[in-house]
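Below is one structure, written out as structure tokens, with a few remarks after it.
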Amino acid sequence: MGEAACPADTGQALAVRAAEAAELAALLTRAADGDSGSFAELYDRTCARVYGMVLRVLRDPGFAEETTQEVYLQLWRTADDFDATRGSAVSWLMTLAHRRAVDRVRSEQSHSNREVVYESRNRGSEFDEVAEEVSGRLDRQAVIDCLDTLTSVQRESVSLAYYGGRTYREVAAHLGVALPTVKTRIRDGLVRLRGCLGVA
């Protein structure tokens, strides 16, 4: 009894599937002619299947919803490309959906790769700039702190020569002292600065 029921059920299922395929092909053909009512009905009857397949590829409900909408926009624009001799309306629609979903995966992966590269390049340069700035500030602070270890005459002589950009002769004239005295002050000051900064 069970064996007799099975072929009848299979035959009935095939008949239902064939009838649906014919109806969807007709809807798609009318949609290609600009019939928005047929397109809406086609959408209502197929969107759950399209969304389910897209979701399996993308694994993200938000992306799957967006991609499903893109599939139907593409379908509306290219419905006249459908050829019933090459397959059913559903198989054609699912092929469009699968291609669109795969394209979305590739696009997201490419975008993700670009972001990783961009962030690694920029984070590195930003870090280098910050590190350089911090290092420069620390160096300046160390020099300022070490200048405070010099005598006042050494500090003034070194500051005029190295921060004021003056020659030894100009420093001597500014301070009103002999040139050899200025040279000695600057030399002694630099020796103390090198020792303070740990420069060999």
Side-chain angles (χ1 to χ4, degrees), residues 1-140:
M1 184 173 176
E3 291 176 9
C6 221
D9 289 344
T10 303
Q12 186 178 6
L14 289 174
V16 168
R17 192 173 295 167
E20 181 195 41
E23 290 167 8
L24 294 177
L27 288 172
L28 189 49
T29 301
R30 290 198 297 271
D33 293 333
D35 183 346
S36 58
S38 294
F39 177 78
E41 185 178 344
L42 179 68
Y43 175 87
D44 290 340
R45 291 177 64 174
T46 59
C47 69
R49 281 179 273 188
V50 169
Y51 174 78
M53 193 275 295
V54 170
L55 182 60
R56 280 195 299 278
V57 174
L58 295 177
R59 299 181 182 176
D60 180 286
F63 286 155
E65 286 175 15
E66 288 175 16
T67 304
T68 298
Q69 294 303 316
E70 291 168 6
V71 168
Y72 282 97
L73 285 172
Q74 181 181 357
L75 176 68
W76 176 251
R77 288 192 300 263
T78 63
D80 54 350
D81 291 345
F82 171 66
D83 182 358
T85 63
R86 297 177 63 189
S88 71
V90 169
S91 64
W92 184 71
L93 179 55
M94 296 302 264
T95 299
L96 289 180
H98 186 264
R99 286 181 186 156
R100 179 69 68 160
V102 169
D103 286 347
R104 183 64 180 261
V105 168
R106 289 181 181 146
S107 173
E108 290 301 319
Q109 186 60 50
S110 177
H111 177 72
S112 178
N113 290 345
R114 282 193 306 271
E115 279 189 346
V116 167
V117 169
Y118 176 81
E119 285 179 11
S120 66
R121 285 181 181 163
N122 289 316
R123 185 178 296 140
S125 65
E126 286 171 9
F127 174 78
D128 290 345
E129 289 170 15
V130 170
E132 198 173 300
E133 179 65 22
V134 168
S135 177
R137 286 185 183 183
L138 290 173
D139 288 347
R140 282 194 296 276

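Keep in mind that what you see is a predicted model, and the values were worked out from it rather than measured. Nothing fancy with the numbering, it's 1 onward along the sequence. As a basis for the values below, the full set of heavy atoms in this structure was taken, side chains included, without hydrogen atoms, waters or symmetry mates.
- Across all their heavy atoms, A97 and V71 have their closest contact at CA-CG2, 3.6 Å.
- We find the CZ-CG distance between F39 and L28 to be 9.5 Å, quoted to the nearest 0.5 Å.
- Listed by first then second residue, pairs satisfying ring pair (Phe, Tyr, Trp, His ring centres under 6.0 Å) with a partner in residues 86-105 read F82-W92, not counting sequence neighbours.
- Taking every heavy atom of both residues into account, W76 and A31 meet most closely at CZ3-O, 3.8 Å.
- Using a 4.5 Å heavy-atom threshold, the side chains of Y43 and L75 count as separate.
- Side-chain atoms of L93 and V90, non-hydrogen and from C-beta on, never get closer than 4.5 Å to each other.
- One finds the OG1 atom of T46 at 11.0 Å from the CE atom of M53 (value rounded to the nearest 0.5 Å).
- Atom CG of L96 is separated from atom OG of S91 by 10.0 Å, given to the nearest 0.5 angstrom.
- Shown here for T68 and Y51, the closest heavy-atom pair between the two residues is OG1-CA, 3.5 Å.
- For R49 against E20, the heavy-atom pair with the smallest separation is NH2-OE2, 2.9 Å.
- Side chains of V54 and R104 form no contact here, defined as non-hydrogen atoms less than 4.5 Å apart.
- In this structure, D83 contributes its side chain and T85 its backbone to a donor-acceptor pair below 3.5 Å.
- One N or O on the side chain of T78 and one on the backbone of Q74 form a donor-acceptor pair closer than 3.5 Å.
- The two residues S38 and D35 have their closest heavy-atom pair at OG-OD2, 2.8 Å.
- The minimum heavy-atom distance between T67 and L58, with the atom names listed, is OG1-CD1, 3.3 Å.
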